[in-house]
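Quick note: residue numbers are just sequence positions, from 1. When a ligand or atom number is given, it counts from 1 through the structure's own listing order. The analysis underlying the following values was restricted to heavy atoms, covering all of them including side chains, and did not include hydrogens, waters or symmetry mates.
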Amino acid sequence: MALAQRKDLLGLRDMSREEIEMILQTAVPMKDIIKRDIKKVPTLRGKALVTVFYEPSTRTRTSFEIAGKYLSADTVNLAVSTSSVQKGESLRDTIKTIEVMGFDVIVMRHAMSGTPHYVARNTDMRVINAGDGANEHPTQALLDLYTIKEKKGTLEGLAVTIVGDILHSRVARSNIYGLSKFGCDIRVVGPSTLMAPEIEKLGVKCYYDLEKAVAGADVVNILRIQKERQHSGLFPTLDEYANLYMIKKDKLKKAKEDVLILHPGPMNRGVEISSEIADGTQALINEQVTNGVAVRMALLFLMMGGTRDESTN
Ligand code: CP
């Protein structure tokens, strides 16, 4: 299915390899726009985009907003914490209110899995999922794939280790769906209490020993430990977690020499990643953020009917 024919982007599970490749290819000229002095093309002039985040965000919300602006769309953020949601307005009424203002696209994040899917069924606006519960975070995975491909030249057959809170991670799920379409050797590793049951059914190898999981890895993608869950008995202490699973230099001895380090942010330094690694030469954490703007520009452009050849005029 061409992206222009797809009303919504809700996840990578049902997205084809060809659609993913088209987004990644289109993001290349979009990244050039970000580097120009005048970061503006008229491509989406007359289109309107609204971001509606029921959960906090720095990277995803801001990068969607600036991506829309670089493409000349009108962009608005609905600040949920100061909106009429606080007066009890229902999700359905909030979405309808936004829709009748004339927005073409809504980018939304919600704590409950499936919320963007519900919204997509109940609005004519295009819906982009910016993270729903523990389900999917498709644009994070797209920018991760872009970042890996940019450095390695290919995604085909790479060994990718995803480390940490697999159970609660929408980033892990979307990465698994995306990477598996490119024949990657996907490993997941973390404490048994943070391992999603039946994750192996998604075609990944499951490890509990970090050094074994990173042996021969081309990429290590480190998940945020959700400190807010520390009191739910999922691991004894942050120190204990860090001892076993924090990515630091000596834990990477068996990975490929040129292993790439990814983290979606925000990072807990000293818990899931050491500062030495986060600030080291193999870490691509800041590049991921830049690439997130390019990938989101590509996505907005393709979903609104553009072809790759007219993307940078
Ligand atoms: N990676 C990510 O989704 O970051 P934000 O929560 O800051 O958007």
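Of the charged side-chain nitrogens involved, none lies within less than 4.0 Å of a carboxylate oxygen, so that Arg45 and Asp74 do not count as a salt-bridged pair.
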Just list the side-chain donor-acceptor pairs under 3.5 Å for residues 239-247, sequence neighbours left out, or say none.
{"from": "Tyr245", "atom 1": "OH", "to": "Gly190", "atom 2": "O", "distance (Å)": "3.3"}
{"from": "Tyr245", "atom 1": "OH", "to": "Tyr208", "atom 2": "O", "distance (Å)": "2.6"}

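In this structure Ala298 satisfies the side-chain contact (heavy atoms from CB on, under 4.5 Å) test together with Ile23, Thr26, Ala27, Met30, sequence neighbours excluded.
Neither side chain, Asn129 nor Glu136, offers a donor N or O lying under 3.5 Å from an acceptor on the other. If you check the side chains of His263 and Glu272, you find a donor sitting under 3.5 Å from an acceptor.
Interface of Thr60 with ligand 1, defined as ligand atoms under 4.0 Å from a residue heavy atom, comprises 2 (C), 3 (O), 4 (O), 5 (P), 8 (O). In the vicinity of Gly265, heavy-atom distances shorter than 4.0 Å reach the ligand 1 atoms 1 (N), 2 (C), 4 (O). Interface of Thr58 with ligand 1, defined as ligand atoms under 4.0 Å from a residue heavy atom, comprises 5 (P), 7 (O), 8 (O). For ligand 1, the atoms sitting less than 4.0 Å from at least one non-hydrogen atom of Gln140 are 1 (N), 2 (C), numbered in the order shown with element in parentheses.
The protein atom (non-hydrogen) at minimum distance from atom 1 (N) of ligand 1 is Pro264 O, 2.9 Å. Among all protein heavy atoms, the one lying closest to atom 6 (O) of ligand 1 is Arg109 NH1, 2.9 Å.
Between Asp209 and Val189, the closest side-chain pair of non-hydrogen atoms is not below 4.5 Å.
For Glu55, the closest heavy-atom approach to ligand 1 does not fall below 4.0 Å. Put simply, no part of Arg224 is less than 4.0 Å from ligand 1, judged by heavy atoms.
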